[in-house]
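Here's the structure, in structure tokens; my notes come after.
Scope of the values below: all heavy atoms of this structure, side chains included, with no hydrogens, waters or symmetry mates. Every chain is numbered from 1, with letters handed out A, B, ... down the list of sequences.
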Amino acid sequence: MMDVGRHPNIELLAYSEVEDISGYVGNFKARIRKKARYVNENECTSCGDCVVECPVVVPDEFEMGLGSRKAVYIPFPQAVPSSYIVNANECLGQNPIACGKCIEACEKECIDFSMQDEIINIEVGSIVVATGMDVYDPTALDEYGYTRYDNVVTSMEFERLISTGGPLEGHLGRPSDLKKPKKIGFIQCVGSRTHDLERGNPYCSNVCCMNTIKATQYLKDNYPEIDSTVFYMDLRAFGKGFEELLMRSKGNGVHYIRGLPGDVFEDQTTGNLRLTIENTTANRLEDHEFDMLVLAVGATPATDTEVIRQMVSLSKSPSGFLKEAHPKLRPVDTPTKGVFISGAAESPKDVRESVTQASAAASRAGILLNKSKLAVEAITAVVDEDLCKKCGLCAPVCPFSAVLWEKKQVARVTSAACNGCGTCAAECKFGAIEMRHFSDQAIYAQIDAMLEDDPMHTVVTFACNWCSYAGADTAGVGRMAYPPNARIIRTMCSGRVSPEHVWHAFKKGAPVVLVSGCHYVDCHYIDANRSTTRRLDGLWDGLEKVGARPERLQLEWCSAAEGGRWQTIMEEAERKLQNVTVEEVEATRQALVEAKIPGPRNPRPKDENQPADYVCLRCDHEWLGIYNSNTERICPQCRSNSIRWLKGKKVPA
Amino acid sequence: MTVENLRIGVFVCDCGSNIAGAVDTEELREYAETLPGVVASIRNKYTCADPGQQEIQTAIRENNLNRVVVASCSPTSYEVIFRGCVEGAGLNPYLLEMANIREHCSWVTPGDREAATRKAKGIVKVAVARSHWLYPQDEEQVPVTDAALVIGGGVSGIQAALDLADAGHPVFLVEKQPSIGGIMAQLDKVYPDIECSI
């Protein structure tokens, strides 16, 4: 930690938050808010004179609320930067007339209530996301009595209680009376490995077994008279030196009992805790009494990770932790070029694993930064100035502001800023924007080829590169079988799919067309897939107008991790396919010869957040919802995203 | 480009039994030969292995190929490898197309060889059709800002920042809390050696 503070190449921005990230690999711009500390961190010598005078006493979060601190404080003795800070929400002295005692106490005059938040704009070539994990809050698991009994603590709280730097200065005592406990029980898997999502998470939190084993051995080393018992369902001691530590702990007399307690009761006179467990190795019921119980709480994705995740368009795994680009081959890369993940943001990790992954991420980022120039994939948009009608529809749909347009001017593309999603090309009614390598001609050729031989057994499927195509890959890796009629056209984004492409497919005799992309929160082009929904709304209206069933056009969002969802999507598409007749396809083909290609149905500002009638084109479920162009539509009944917005067509009550 | 000028090579991969176990790859290879513009259709046990890649390069030179379709696995993992391969034989990497007959076909169509082979043919046909419309592309070069942003000052962010900084790159380390250290700083001792965390 100290090394960070004094490293000449590191600018440490503590008490700071990233507010915005824009740009692309090699050329990111970030806006950082450095919050006012009200103490000049360069001048502060950590003498502590201010603390003595501060009259405000609050629970100390570093001590998990088991100790107290003042409103002016240093987070912990070894803090980096080694500077005090005033918590403005707790302090009385923002009006110095009210208090201001710390200002008077500080001889170096470091305390300055006029200090303001500072906005720092930086430019970087790569980003490492190391936002860590949060600790599971066991309040929901009421049977363990965490909120009711003083002597039931979490593993993090226990960590502070045994710490020589903690509130008890290394003299372990239990919270109710500070007496040294004689018997301590540890309950494992609290908030982990459960299928009841209101009472924890399905995954293993990875660190809790070893943390408990460590704690019991630490107790044996320092308080050999304390008797420890661990209640577990499985002990996972899989790393280097882990099994050895477990054996040492067992050898020192720590009891390990397979079985988790149902209820915990407090003896009100002694403050002791009683529990009954089913010892599943001995096959008997046992009663136990402890002076203190420690809940080995699991890990959860850090809430702040979600903010950063959306800023740099990363995906998340079903567990909520960040998803890596490839589980084996690119474990610290992300789908967003130039952004790497490190540590517990990716999955719960201990210190050694976090450090290992950090070095990997630094190495990957360093490889990138060592280059003076970087080749950008040649998939960018190009405007044909002769075809451009100067209408300007393309510019506002670009998520990266890479398409520039002024009145009576042809559109221009800043290719270095273009990420190649193609939503501008799909928006252009005049075919004036071409995507390099994902050209309209290529897409039409693919549609023609797939419908040439056996159209009635073909689901024309558009899949975006990042999520739905990768979701189909995941289905493959998981050997999740589905009907063999899908033919996939890969585009970088579902926003590349223009109404013309879909119309062309139906004209060529497609029984069913499926458009698929990332979930709204996962869109790799910020919000380009919102345009997909607008276009599908228009296309569903257009199909209905020519007498074709709108449900023959399906829309689904599927993440790279959702192989099972892809399987379901394909099974449902097959079900639709089975219901389409040759006559129906022919009738649609005839009807489309003359029909105008439907443009997108654009919501008006007054539509936002207003009641809207929806119908699911997979299961026919109809309901009244709220329209919001930035909220993913999903059927409450079958979880499909083929949700048509029936504007002006009331759903029957 | 007209079909007469197109010289497409199709390379069908067995991927051991990963593809060949479900798809009749020889039938697929023969089928690919009949597709418009295809002048060479070659089957390989492992196309991504060195001998497989060498075969692609040899075929490009011998048959004067100007489009390459590799019928194997997902481009999300292997496109970069095969692009490098065709580039090594003097072809622009954007003239490569992949037909994903593993993740999207053989692995998800078990127990029905006929259906899987039919699907694989369809996928290859579509890929060959797309290859007609591929053109050489030049990649633009953009400058790289030599600096890194590390978000989060826990043990992982600290290590990443130090490694990058030691390698000579300027690093901005952003931490939300008043001090770096994260959860690690709250731990007294860490396993497996029960040593101090800080």
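Within a 6.0 Å sphere centred on CD of B/E114, heavy atoms belonging to other residues, nucleotides or ligands number 12 at most. Counting heavy atoms of neighbouring residues, nucleotides and ligands inside a 6.0 Å radius, atom NZ of A/K34 exceeds 12 of them.
Contacts of A/I85 with chain B are made by side-chain atoms alone, with heavy-atom separations under 4.5 Å and no backbone atom involved. Interface residue A/H7: only side-chain heavy atoms are found under 4.5 Å from chain B. For B/R118, the part sitting under 4.5 Å from any heavy atom of chain A is the backbone (N, CA, C, O) and nothing else. In this structure, the portion of A/I21 lying under 4.5 Å from any heavy atom of chain B is its side chain and not its backbone. Heavy-atom distances place no part of B/S106 under 4.5 Å from chain A, backbone and side chain included. Heavy-atom distances place both the backbone and the side chain of B/Q141 under 4.5 Å from chain A. Residue A/S363: no heavy atom, backbone or side chain, is found under 4.5 Å from chain B. Contacts of A/E61 with chain B are made by backbone atoms alone, with heavy-atom separations under 4.5 Å and no side-chain atom involved. Both the backbone and the side chain of A/D350 come within contact range of chain B, judged by heavy atoms closer than 4.5 Å. Contact annotation for A/D448: neither backbone nor side-chain heavy atoms come within less than 4.5 Å of a heavy atom of chain B. Proximity to chain B is limited to the side chain of A/P75, based on heavy atoms less than 4.5 angstrom apart. In this structure, the portion of A/Y73 lying under 4.5 Å from any heavy atom of chain B is its side chain and not its backbone. Residue B/A161 touches chain A through both its backbone and its side chain, counting heavy-atom pairs closer than 4.5 Å. For A/Y482, the parts sitting under 4.5 Å from any heavy atom of chain B are the backbone and the side chain alike. Contacts between B/L134 and chain A at a heavy-atom distance below 4.5 Å involve the side chain alone, from C-beta outward. When heavy atoms are compared at a cutoff of 4.5 Å, A/D454 does not approach chain B at all. Interface residue A/M480: only backbone heavy atoms are found under 4.5 Å from chain B. A/R479 touches chain B through backbone and side chain together, each having a heavy atom under 4.5 Å away. Interface remark: A/I308 contributes side-chain atoms only to the contact with chain B (heavy atom separation under 4.5 Å).
Contact detail for B/A185 and A/R160: the closest heavy-atom pair is O-NH1, 4.2 Å. The minimum heavy-atom distance linking A/A449 with B/V126 is given by the pair CB-CA, 4.0 Å. For the pair A/A30 and B/L149, the tightest heavy-atom approach, listed with the atom from each and the gap, is CB-CD2, 3.9 Å. When every heavy atom of B/I183 is checked against every heavy atom of A/M133, the shortest pair comes out as CD1-O, 3.4 Å. When every heavy atom of A/V128 is checked against every heavy atom of B/A160, the shortest pair comes out as CG1-CB, 4.1 Å. Contact between B/I180 and A/L12 at its shortest, heavy atoms only, is CG2-CD1, 3.5 Å.
No donor-acceptor distance shorter than 3.5 angstrom exists from the side chain of A/N9 to the backbone of B/P170, with no hydrogens or angles considered. Looking at B/Y191, its side chain never comes within 3.5 Å of a backbone N or O of A/I213 through a donor-acceptor pair. A donor-acceptor pair is defined here as one N or O able to donate and one able to accept, closer than 3.5 Å; no such pair exists between the side chain of A/S163 and the backbone of B/D188. Side-chain N or O atoms of B/Q186 include one that pairs as donor or acceptor with a backbone N or O of A/F62 at under 3.5 Å.
Just one of B/V171, B/I158, B/V150 meets the side-chain contact (heavy atoms from CB on, under 4.5 Å) condition when paired with A/V4; it is B/I158.
Considering only heavy atoms from C-beta on, B/I194 comes within 4.5 Å of A/Q217 through its side chain. When side chains are defined from C-beta on, B/Q159 does not count as touching A/Q357, because their heavy atoms never get closer than 4.5 Å. Between B/S179 and A/M1, the closest side-chain pair of non-hydrogen atoms falls below 4.5 Å. Under the 4.5 Å side-chain criterion, counting only non-hydrogen atoms from C-beta, A/D473 is in contact with B/N100. Under the 4.5 Å side-chain criterion, counting only non-hydrogen atoms from C-beta, A/K373 is not in contact with B/V144.
A salt bridge is absent between A/R490 and B/E97: the closest approach of a Lys/Arg side-chain nitrogen to an acidic carboxylate oxygen does not fall below 4.0 angstrom. Here A/D453 pairs with B/K125 in a salt bridge; the nearest charged N to carboxylate O distance falls below 4.0 Å. Between A/E159 and B/K189 there is no salt bridge, since none of the side-chain N atoms of the basic residue sits less than 4.0 Å from a carboxylate O of the acidic one.
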Derivation of the salt bridge (Lys or Arg N to Asp or Glu O under 4.0 Å) call for A/R436 and B/E139: CA-CA 11 Å; A/R436 296 167 75 194; B/E139 294 187 337; over 6 Å; no
Candidate pair B/H104 and A/Y469, rule ring pair (Phe, Tyr, Trp, His ring centres under 6.0 Å), full reasoning: CA-CA 9 Å; B/H104 292 184; A/Y469 191 94; 4.4 Å; yes
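Heavy-atom pairs under 4.5 Å with chain A peak, among B/L187, B/D138, B/V190, at B/L187. By number of non-hydrogen pairs under 4.5 angstrom with chain B, the leading residue of A/I162, A/V18, A/I122 is A/I122. When A/A375, A/A79, A/G338 are compared by the number of non-hydrogen pairs under 4.5 Å with chain B, A/A375 comes out ahead. For the set A/S82, A/P484, A/G166, A/A360, the entry with the most heavy-atom pairs within less than 4.5 Å of chain B is A/P484. Of the listed residues A/A345, A/G478, A/S342, A/S439, the one with more heavy-atom pairs under 4.5 angstrom with chain B than any other is A/S342. Listed options B/V108, B/T109, B/V128 were ranked by heavy-atom pairs under 4.5 angstrom with chain A; first place goes to B/V108. Between chain B and the options A/K349, A/M210, A/M570, the largest number of non-hydrogen pairs under 4.5 Å is found for A/M210. For chain B, the option among A/A361, A/S359, A/G366, A/A365 with the highest count of heavy-atom pairs below 4.5 Å is A/S359. Heavy-atom pairs under 4.5 Å with chain A peak, among B/D193, B/D166, B/D112, at B/D166.
Remark: A/I443 CD1 to B/W133 CH2 distance equals 12.5 Å, nearest 0.5 Å. Distance check, rounded to the nearest 0.5 Å: CD of A/E346 to OG of B/S156 gives 10.0 Å. In this structure, A/Q446 CD and B/S131 OG are separated by 10.0 Å, a value rounded to the nearest 0.5 Å. A distance of 7.5 Å separates CD1 in B/I123 from CD1 in A/I488, rounded to the nearest 0.5 Å. Between atom CD of residue A/E17 and atom NZ of residue B/K176 there is a gap of 4.5 Å, rounded to the nearest 0.5 Å. We find the OG-CG distance between A/S16 and B/L173 to be 9.5 Å, quoted to the nearest 0.5 Å.
Annotation: cation-pi pair B/R130/A/F438 present, NZ/CZ under 6.0 Å from the ring centroid and within 45° of its normal.
Between B/T145 and A/E123, the side chains place no donor N or O within less than 3.5 Å of an acceptor N or O (distance only, hydrogens not considered).
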